[in-house]
Amino acid sequence: MRDRLQIATLVVAVLGLGVAGYLTYAHYAGIDPACGIAHGCATVQASEWAKLAGVPVALVGLFGYAGIFLALALPGETARLAATGLAYVGFGFSVYLTYVEIEKIDAICQWCVVSAVCMTGLAILTTIRFLRAPGHTTA
């Protein structure tokens, strides 16, 4: 069971890396992300909230997913805790960004939704992985 859980967690992290990588590429290439019928991605990407202290939010996500992936690949309880902590920070940031899309930008980016779903999944999966680890005790 643990192996399947680790594989599932790694797959979700890779998917998140792919989404954040694509959005980072689109930002630096100066192109609108492919967005299907809603066309909200270009609006979100061009908004004032697309950068955090001058850094594209997509790049922040890319580094977040890379950190989670690295922590997942390392052995030990500290690495499992780091993956869980990073996933919760990413989840919280995704909740905030979703709020901004709905309330401030009035546009939804499908790529951002996929990323938020990935972060939610990672928060859940890393928590289960941490709590089921051999030698982990709960008080």
Side-chain angles (χ1 to χ4, degrees):
M1 177 66 161
R2 236 178 262 123
D3 290 339
R4 289 192 322 208
L5 182 59
Q6 183 167 2
I7 290 168
T9 309
L10 286 168
V11 166
V12 174
V14 168
L15 179 60
L17 270 168
V19 169
Y22 171 69
L23 291 174
T24 300
Y25 166 77
H27 172 83
Y28 284 112
I31 60 172
D32 290 339
C35 201
I37 60 172
H39 305 292
C41 298
T43 303
V44 171
Q45 187 107 339
S47 77
E48 65 184 277
W49 291 278
K51 289 187 178 179
L52 178 66
V55 177
V57 170
L59 184 60
V60 173
L62 185 64
F63 282 120
Y65 283 113
I68 292 168
F69 184 82
L70 179 63
L72 290 170
L74 295 173
E77 187 170 3
T78 302
R80 287 189 298 277
L81 181 59
T84 304
L86 287 169
Y88 274 92
V89 169
F91 171 75
F93 194 52
S94 292
V95 168
Y96 167 73
L97 292 174
T98 301
Y99 162 79
V100 167
E101 282 183 300
I102 294 167
E103 293 295 324
K104 307 283 185 185
I105 303 171
D106 196 30
I108 297 291
C109 169
Q110 288 104 346
W111 294 103
C112 301
V113 171
V114 172
S115 180
V117 169
C118 286
M119 271 303 174
T120 302
L122 284 170
I124 293 166
L125 291 169
T126 57
T127 299
I128 293 168
R129 189 171 170 264
F130 179 74
L131 294 175
R132 288 189 180 169
H136 177 80
T137 58
T138 55

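In what follows, residues are counted from 1 in the order of the sequence shown.
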Peer 1: Once you round to the nearest 0.5 Å, how far does CZ of Arg129 lie from CG of Leu10?
Peer 2: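 Rounded to the nearest 0.5 Å, the CZ-CG separation comes out at 7.0 Å.
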
Peer 1: How long is the gap from OH on Tyr88 to OG1 on Thr120, to the nearest 0.5 Å?
Peer 2: 10.0 Å

Peer 1: Judged by atom type as modelled, is there a donor-acceptor pair below 3.5 Å linking the side chain of Thr9 to the main-chain atoms of Thr126?
Peer 2: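 Judged by distance alone, no pair lies under 3.5 Å.
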
Peer 1: Do Val95 and Ile108 land in one hydrophobic cluster if side-chain heavy atoms of ILVMFWY residues count as linked below 4.5 Å?
Peer 2: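 Different clusters: Val95 never reaches Ile108 through Ile, Leu, Val, Met, Phe, Trp or Tyr contacts under 4.5 Å.
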
Peer 1: Give me the atom names and distance for the closest heavy-atom approach of Leu72 to Ala83.
Peer 2: CD2-CB, 3.9 Å

Peer 1: On a heavy-atom basis, which atom in Cys35 and which in Gly40 lie closest, and how many Å separate them?
Peer 2: SG-N, 3.7 Å

Peer 1: Could you tell me the separation between the OG1 atom of Thr24 and the OH atom of Tyr28, rounded to the nearest 0.5 Å?
Peer 2: 7.5 Å

Peer 1: Same cluster or not: Ile128 versus Leu74, using hydrophobic residues (I, L, V, M, F, W, Y) connected whenever any side-chain heavy atoms lie under 4.5 Å apart?
Peer 2: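 Shared cluster, no.
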
Peer 1: Linking I/L/V/M/F/W/Y whenever any side-chain heavy atoms sit under 4.5 Å apart, do Val19 and Tyr22 land together?
Peer 2: yes

Peer 1: What class does the angle between the rings of Phe93 and Tyr96 fall in, given that below 30° is parallel, 30 to 60° is tilted and above 60° is perpendicular?
Peer 2: parallel

Peer 1: Find the distance between CG (Leu125) and CD (Gln6) and round it off to the nearest 0.5 Å.
Peer 2: 11.5 Å

Peer 1: Find the distance between CE (Met119) and CG (Leu97) and round it off to the nearest 0.5 Å.
Peer 2: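 Spacing of CE (Met119) from CG (Leu97) equals 10.5 Å.
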
Peer 1: Locate the shortest heavy-atom distance separating Ala107 from Val44; write the atom from each residue and the value.
Peer 2: O-CG2, 3.7 Å

Peer 1: How close do Cys112 and Glu101 get, heavy atom to heavy atom, and via which atoms?
Peer 2: CB-OE2, 3.6 Å

Peer 1: Hey, are the side chains of Leu23 and Pro33 touching, using non-hydrogen atoms and a 4.5 Å cut-off?
Peer 2: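 Yes; the side chains approach each other to less than 4.5 Å.
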
Peer 1: Are Ile68 and Leu5 co-members of a hydrophobic cluster defined by side-chain heavy atoms under 4.5 Å apart?
Peer 2: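 Result: yes, single cluster for both.
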
Peer 1: Which pair of heavy atoms, one from Ala13 and one from Phe69, lies closest together, and at what distance?
Peer 2: CB-CD1, 4.2 Å

Peer 1: Report, one line per pair, each donor and acceptor closer than 3.5 Å where one atom sits in a side chain of residues 48-66; sequence neighbours left out.
Peer 2:
unit_1	atom_1	unit_2	atom_2	d
Tyr65	OH	Ser115	O	2.8
Tyr65	OH	Ser115	OG	2.9

Peer 1: Does some side-chain heavy atom of Leu122 sit less than 4.5 Å from a side-chain heavy atom of Phe91?
Peer 2: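 Not touching, per the 4.5 Å side-chain cut-off.
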
